[in-house]
Colleague: 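My structure is below; once you've seen it, I'll send some questions.
Keep in mind that what you see is a predicted model, and the values were worked out from it rather than measured. Keep in mind that the numbers below use all heavy atoms, side chains included, and drop hydrogens, waters and symmetry copies.
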Amino acid sequence: AKEIAEKHNIDPLLVRVLMNRGISGDVAVDGYLNGDYHWFHRPEKMKDMEKACVVLTEKIAAKSPIRIIGDYDIDGVCATAILCKGLRGLGGNVDTQIPHRIKDGYGMNINMIEKAAAEGINTILTCDNGIAAKDAVVRAKELGLSVIITDHHEVPFTEEGGVRKFLLPPADAVVDPKREDCNYPFPHICGAFVAYKLVELLYKTMEKEALWQEYIDEMIQIAAFATVGDIMELKDENRILVQEGLKRMRTTRCVGLKALLCVLGLQNAEIT
């Protein structure tokens, strides 16, 4: 503890606290104390993330109509905002649909798919839902739509003889860190953070990294807001995300966050 304290110029007592929390080793301690968005795990590590970017790159280039289907809770709304702003920034022909809590219930359903097809939508992109929407995805494929699922919920499964069989929807890409075959280092992230990572990799895939820098501050704020609202564990990259988001909220240019701060009388206060 003394050696680590001297190396990082911190109190030995703080080192003991970190070690009690399972934070040990130079890299882990440095990340916990000084981590910023450069410490986020790479989106490429998430199963089907690159596949989703290939599909979206083609759709954006072709100006194909893309509909984002989110959710009515804080995470779903924030994830929808991230995807919508991100894809439009790349020239995507994008609109959004938030299911009605009473009329539609949770998540994407067959009625939404048929309505989208009738309105000429070419591609469905979900966020914070879709991993359990197998029937809706099947209907979408019958109607010739492309479907990309981004979610963070547990994958449905059946169990026979003590063996689980996971039931992934037959989409063109299924991005969910809870997938059994996904090797993402920290799967306990919210839907908005999954959306953030998809947009980040999409800008890289389309060689628009410089443009991404214009969006990253607002995207981090929205993803951090959703992380707290969806009650994610403040560990690993979640902790860094929220820390980074709070710093940026103090001088936010995000219209929605500015309105919320104004309503709460916090527009001139330090966000901590």
Side-chain angles (χ1 to χ4, degrees), residues 8 18 21-53 56 74-76 78-87 89-90 125 127-128 148 150-153 173-179 182-252 254 257 271:
H8 294 275
L18 292 174
R21 293 184 178 187
I23 311 298
S24 61
D26 286 339
V27 174
V29 170
D30 187 38
Y32 196 91
L33 296 173
N34 308 306
D36 60 15
Y37 68 90
H38 295 100
W39 287 73
F40 292 164
H41 300 302
R42 295 201 314 273
E44 298 96 321
K45 294 184 177 182
M46 207 173 296
K47 185 76 173 179
D48 273 13
M49 188 69 87
E50 292 177 307
K51 188 184 295 185
C53 287
L56 287 172
I74 182 171
D75 190 21
C78 287
T80 302
I82 288 171
L83 291 178
C84 183
K85 183 177 287 287
L87 269 62
L90 290 167
L125 172 59
C127 53
D128 194 33
I148 297 170
T150 75
D151 204 344
H152 73 121
H153 293 101
V174 180
V175 179
D176 188 330
K178 299 285 179 63
R179 283 181 60 164
C182 182
N183 296 317
Y184 193 73
F186 185 71
H188 309 293
I189 61 177
C190 69
F193 205 8
V194 175
Y196 171 97
K197 290 177 181 294
L198 174 60
V199 173
E200 178 186 22
L201 185 58
L202 184 59
Y203 274 70
K204 180 180 178 182
T205 302
M206 297 182 70
E207 299 181 345
K208 299 289 185 180
E209 291 98 330
L211 181 60
W212 170 243
Q213 293 303 312
E214 297 180 16
Y215 288 98
I216 191 169
D217 277 4
E218 187 172 347
M219 297 296 195
I220 285 176
Q221 292 172 52
I222 297 172
F225 190 74
T227 296
V228 174
D230 218 34
I231 321 176
M232 297 290 101
E233 286 187 302
L234 293 186
K235 296 180 178 179
D236 204 274
E237 62 180 346
N238 281 345
R239 182 178 179 278
I240 297 174
L241 170 65
V242 171
Q243 187 176 41
E244 289 284 288
L246 289 172
K247 290 177 185 175
R248 289 165 169 78
M249 284 181 200
R250 297 168 192 168
T251 56
T252 185
C254 176
L257 287 174
I271 308 302

Colleague: Please answer whether the main-chain N or O of Met232 pairs with a side-chain N or O of Asp230 as donor and acceptor at a distance below 3.5 Å.
Modeller: no
Colleague: What distance do Leu18 atom CG and Tyr32 atom OH have between them, rounded to the nearest 0.5 Å?
Modeller: 6.5 Å
Colleague: Find out whether Val242 and Leu234 are in side-chain contact, i.e. whether some heavy atom of one side chain is under 4.5 Å from a heavy atom of the other.
Modeller: yes
Colleague: Enter the distance from Asp217:CG to Glu244:CD here, rounded to the nearest 0.5 Å.
Modeller: 9.0 Å
Colleague: Apply the side chain to side chain contact (heavy atoms under 4.5 Å, CB included) test between Cys53 and each candidate in Ile148, Leu202, Asp48, Val175; give the one that qualifies.
Modeller: Leu202
Colleague: Ignoring hydrogens, what is the shortest heavy-atom contact between Lys178 and Pro187? Give both atom names and the distance.
Modeller: CE-O, 3.5 Å
Colleague: OG1 of Thr227 to CD1 of Ile74: how many Å apart, nearest 0.5 Å?
Modeller: 9.5 Å
Colleague: Is the shortest heavy-atom distance from the side chain of Leu198 to the side chain of Met49 under 4.5 Å?
Modeller: yes
Colleague: To the nearest 0.5 Å, how far apart are CE in Met219 and CD1 in Ile216?
Modeller: 9.5 Å
Colleague: Determine whether more than 12 heavy atoms belonging to other residues, nucleotides or ligands lie under 6.0 Å from atom CD of Glu207.
Modeller: no
Colleague: Find out whether Tyr37 and Ile240 are in side-chain contact, i.e. whether some heavy atom of one side chain is under 4.5 Å from a heavy atom of the other.
Modeller: no
Colleague: Does any non-hydrogen side-chain atom of Gln221 lie less than 4.5 Å from one of Ile271?
Modeller: no
Colleague: Return yes when atom CG of Asn34 has more than 12 non-hydrogen atoms of other residues, nucleotides or ligands closer than 6.0 Å, and no otherwise.
Modeller: yes
Colleague: Run the numbers on Glu200 and Trp212 for side chain to side chain contact (heavy atoms under 4.5 Å, CB included), then give the verdict.
Modeller: CA-CA 7 Å; Glu200 178 186 22; Trp212 170 243; 3.7 Å; yes
Colleague: Can Leu56 and Met206 be said to form a side chain to side chain contact (heavy atoms under 4.5 Å, CB included), step by step?
Modeller: CA-CA 10 Å; Leu56 287 172; Met206 297 182 70; over 6 Å; no
Colleague: Which heavy atom of Ile23 sits nearest a heavy atom of Ala28, and at what distance?
Modeller: CG2-O, 3.7 Å
Colleague: With rounding to the nearest 0.5 angstrom, report the CD1 to CG distance, Ile82 to Leu87.
Modeller: 12.0 Å
Colleague: Please tell me if the side chains of Tyr215 and Val199 come closer than 4.5 Å, counting only heavy atoms from C-beta onward.
Modeller: no
Colleague: Any carboxylate oxygen within less than 4.0 angstrom of a Lys/Arg side-chain nitrogen, looking at Lys85 and Glu218?
Modeller: yes
Colleague: With Phe193 as reference, evaluate Phe186, Phe40, Phe225 under the ring pair (Phe, Tyr, Trp, His ring centres under 6.0 Å) test and give the passing residue.
Modeller: Phe40
Colleague: Less than 4.5 Å apart, any side-chain heavy atom of Lys47 and any of Asn183?
Modeller: no
Colleague: Using distance alone, with no hydrogens and no angle criterion, decide if Asp236 and His41 have a side-chain donor and acceptor under 3.5 Å apart.
Modeller: yes
Colleague: Measure the spacing between CG of Asp75 and CD1 of Ile231 and express it to the nearest 0.5 Å.
Modeller: 11.0 Å
Colleague: What are the two closest non-hydrogen atoms of Cys78 and Ala226, and how far apart are they?
Modeller: CB-CB, 3.7 Å
Colleague: Walk me through it: do His152 and Asp176 pass the test side chain to side chain donor-acceptor pair (under 3.5 Å)?
Modeller: CA-CA 5 Å; His152 73 121; Asp176 188 330; over 6 Å; no
Colleague: Flag the pair Glu237 and Lys197 as a salt bridge only when some basic side-chain nitrogen lies within less than 4.0 angstrom of an acidic carboxylate oxygen.
Modeller: yes
Colleague: What do you reckon, is CZ of Arg42 surrounded by more than 12 foreign heavy atoms closer than 6.0 Å?
Modeller: no
Colleague: Regarding Tyr184 and Arg179, do their side chains bring together a donor and an acceptor under 3.5 Å, going by distance alone?
Modeller: no
Colleague: Let's go through Asn238 and Lys235 carefully: what are the C-alpha distance in whole Å and the side-chain angles of both, what is the deciding distance for side chain to side chain contact (heavy atoms under 4.5 Å, CB included) to 0.1 Å, and is it a yes or a no?
Modeller: CA-CA 5 Å; Asn238 281 345; Lys235 296 180 178 179; 5.9 Å; no
Colleague: If you define the side chain from C-beta out and look only at heavy atoms, does anything of Leu241 sit under 4.5 Å from Tyr196?
Modeller: no
Colleague: Might you point out which heavy atoms bring Gly76 and Asp128 nearest each other, and give the distance in Å?
Modeller: N-OD2, 3.2 Å
Colleague: Does some side-chain heavy atom of Val174 sit less than 4.5 Å from a side-chain heavy atom of Asp151?
Modeller: no
